[in-house]
There are 2 protein chains.
Amino acid sequence: MTPTTPTSTAPSPVQLMDQLAQAAAGYYRAFAAVAAERGLTLMQGKMLSLLRRPMPMRTLAELLACDASNVTGIVDRLEARGLARREVDPGDRRIKNVVLTEEGEETVRAIRAELMSGLTGLEQLDEEERLTFQELLVRVFPLA
Amino acid sequence: MTPTTPTSTAPSPVQLMDQLAQAAAGYYRAFAAVAAERGLTLMQGKMLSLLRRPMPMRTLAELLACDASNVTGIVDRLEARGLARREVDPGDRRIKNVVLTEEGEETVRAIRAELMSGLTGLEQLDEEERLTFQELLVRVFPLA
DNA sequence: TTCATTGCTTGAGGACATCAACCATCTACC
DNA sequence: GGTAGATGGTTGATGTCCTCAAGCAATGAA
């Protein structure tokens with residue numbers, strides 16, 4: 001039986017894990033909704049967000065934690081929509097750098113702006129709270 | 001040009017949003033890995049975790065933020081693996097309540113335990129930090 | 001050169017996602 | 001009652017993603 005925990009009582013580590021699950025789900029729900037408004041899937045949106053600087057497909061696969069063959073398809077679709085393009089790396093012609101088009105850049109800006117405006121709670125944190133939040137996030141999810 | 005921010009400086013709201021993206025990705029990466037060890041997909045794992053109490057398919061669709069038709073397939077697969085089963089609600093025979101089997105319960109316990117042990121950072125927070133963390137999460141991701 | 005490695009693509013098969021159409025049951029109302 | 005509308009669930013079609021195995025092209029080192 002879960003005891004009725006008044007909000008002023010510290011959650012157990014397990015309860016906090018559940019809270020994290022909620023938060024992670026909330027984040028992706030918001031992100032997916034913003035992407036969907038532009039006819040993009042979650043993965044396409046994620047990839048666009050990563051592409052603030054050009055990157056080899058290989059790097060994208062690592063950052064998205066998915067198979068390289070997967071990236072091929074996603075970039076295909078972004079390219080078909082005119083949001084990104086492949087450029088053969090002059091230094092190593094095996095490598096294809098994915099670059100955002102002008103429209104792609106604009107889309108990323110719009111997605112980020114709308115996502116930010118959706119997370120109204122973020123704006124309301126003061127400096128100290130933001131710092132604390134960041135430190136806690138980093139401690140629980142170190143590195144990448 | 002992003003200024004080199006010493007870790008002792010508060011992140012801007014936008015930087016914090018990026019940090020949240022990292023954390024959310026980290027959480028799901030860990031969750032998916034734990035689920036995959038048992039041959040389960042992310043969605044199957046999520047659904048199992050929700051089923052700590054029996055629920056109508058409709059409710060599952062809402063909690064997973066997906067179409068009802070989608071739930072049908074996921075429950076089909078869980079059922080085929082003997083992790084869950086459907087029970088017609090005696091009060092309203094349109095409703096099918098999804099119930100974990102014994103093996104399903106065991107799987108949920110194992111997934112939660114392993115996920116918890118993977119998030120080593122969580123255990124290291126003291127009571128006050130956990131409370132602070134929870135409050136921040138709730139403020140940024142209110143309600144569901 | 002030759003060979004092993006690396007980056008990317010292709011193809012097959014399963015799992016989700018969305019949407020429309022459908023059946024069964026329940027509810028309201030005449 | 002009996003009919004109409006709403007609700008819960010399933011099915012089917014189509015597209016996206018996921019994994020894995022196989023393959024091609026370019027690189028780097030022996």
Side-chain angles (χ1 to χ4, degrees), chain A residues 25 28-51 54-81 83-99, chain B residues 25 28-51 54-81 83-99:
Chain A
Y28 277 121
R29 177 154 16 211
F31 190 100
V34 169
E37 281 177 27
R38 287 158 184 78
L40 296 172
T41 67
L42 180 65
M43 272 303 137
Q44 290 165 0
K46 273 198 198 177
M47 178 164 303
L48 280 186
S49 296
L50 288 177
L51 283 175
M55 284 187 192
M57 318 264 299
R58 189 83 188 78
T59 307
L60 286 168
E62 280 158 15
L63 292 177
L64 292 174
C66 71
D67 194 89
S69 70
N70 215 327
V71 175
T72 297
I74 301 177
V75 172
D76 281 349
R77 279 160 228 132
L78 289 181
E79 209 164 16
R81 286 181 187 231
L83 298 175
R85 63 174 181 280
R86 286 172 235 236
E87 289 183 356
V88 175
D89 189 302
D92 183 341
R93 279 177 313 187
R94 290 172 302 181
I95 296 177
K96 296 183 185 170
N97 290 300
V98 185
V99 187
Chain B
Y28 277 122
R29 176 153 18 210
F31 191 100
V34 170
E37 281 177 27
R38 287 158 184 78
L40 296 171
T41 67
L42 178 64
M43 273 300 138
Q44 290 165 0
K46 273 198 199 177
M47 177 163 305
L48 280 187
S49 296
L50 288 177
L51 283 174
M55 286 188 189
M57 318 265 299
R58 190 84 188 78
T59 307
L60 286 168
E62 280 158 15
L63 292 177
L64 292 174
C66 71
D67 194 88
S69 70
N70 216 329
V71 175
T72 298
I74 300 176
V75 173
D76 281 350
R77 278 160 228 133
L78 290 180
E79 210 165 15
R81 286 182 188 229
L83 298 175
R85 64 174 182 280
R86 286 172 235 236
E87 289 182 354
V88 176
D89 188 300
D92 183 341
R93 279 177 313 188
R94 290 172 301 179
I95 295 177
K96 296 182 186 170
N97 290 300
V98 185
V99 188

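Chain A is the first sequence line, chain B the second, and so forth, proteins listed ahead of strands; every chain is numbered from 1.
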(Q) Just the rounded figure in Å: distance from P of D:dC18 to CG of A:Leu60. (A) 13 Å
**Q.** Residue list, side-chain hydrogen bond (donor to acceptor under 3.5 Å, both in side chains) with A:Asn70, at least two apart or on another chain
**A.** none
Q) Is there a side-chain polar atom (N or O) of B:Arg93 under 4.0 Å from OP1 or OP2 of C:dC26? A) yes
Q: Not counting sequence neighbours, which residues clear side-chain hydrogen bond (donor to acceptor under 3.5 Å, both in side chains) with B:Glu62? List them please.
A: none
Q | Partners passing ring-ring contact (aromatic ring centres under 6.0 Å, His included) against B:Tyr28 (at least two apart in sequence or in another chain) | A | A:Tyr28
Q: Using side chain to side chain contact (heavy atoms under 4.5 Å, CB included) as the criterion, list what pairs up with B:Thr59, not counting sequence neighbours.
A: B:Met55, B:Pro56, B:Leu63
Q | Protein proximity profile, nucleotides 1-15 of chain D - base contact B, sugar-phosphate-only contact S, no contact -, cut-off 4.0 Å on heavy atoms | A | -----BBSSBB----
Q) Please give, in whole Å, the distance from C:dG7 C1' to A:Glu87 CD? A) 17 Å
Q: Can you sort out which residues in residues 37-49 of chain A have a heavy atom within less than 4.0 Å of DNA chain C? Ascending by number, please.
A: none
Q | Integer-rounded Å distance: D:dT16 P and A:Glu79 CD | A | 15 Å
Q: To the nearest 0.5 angstrom, please state how far the CG atom of B:Leu64 sits from the CE atom of B:Met43.
A: 6.0 Å
Q: Check side chain to side chain contact (heavy atoms under 4.5 Å, CB included) between B:Ala35 and all other residues, then give those that pass, not counting sequence neighbours.
A: B:Leu40
Q | Partners meeting side chain to side chain contact (heavy atoms under 4.5 Å, CB included) with A:Glu37 (sequence neighbours left out) | A | A:Glu114
Q: Go through the structure and list residues passing side chain to side chain contact (heavy atoms under 4.5 Å, CB included) with B:Arg94, not counting sequence neighbours.
A: B:Asp92
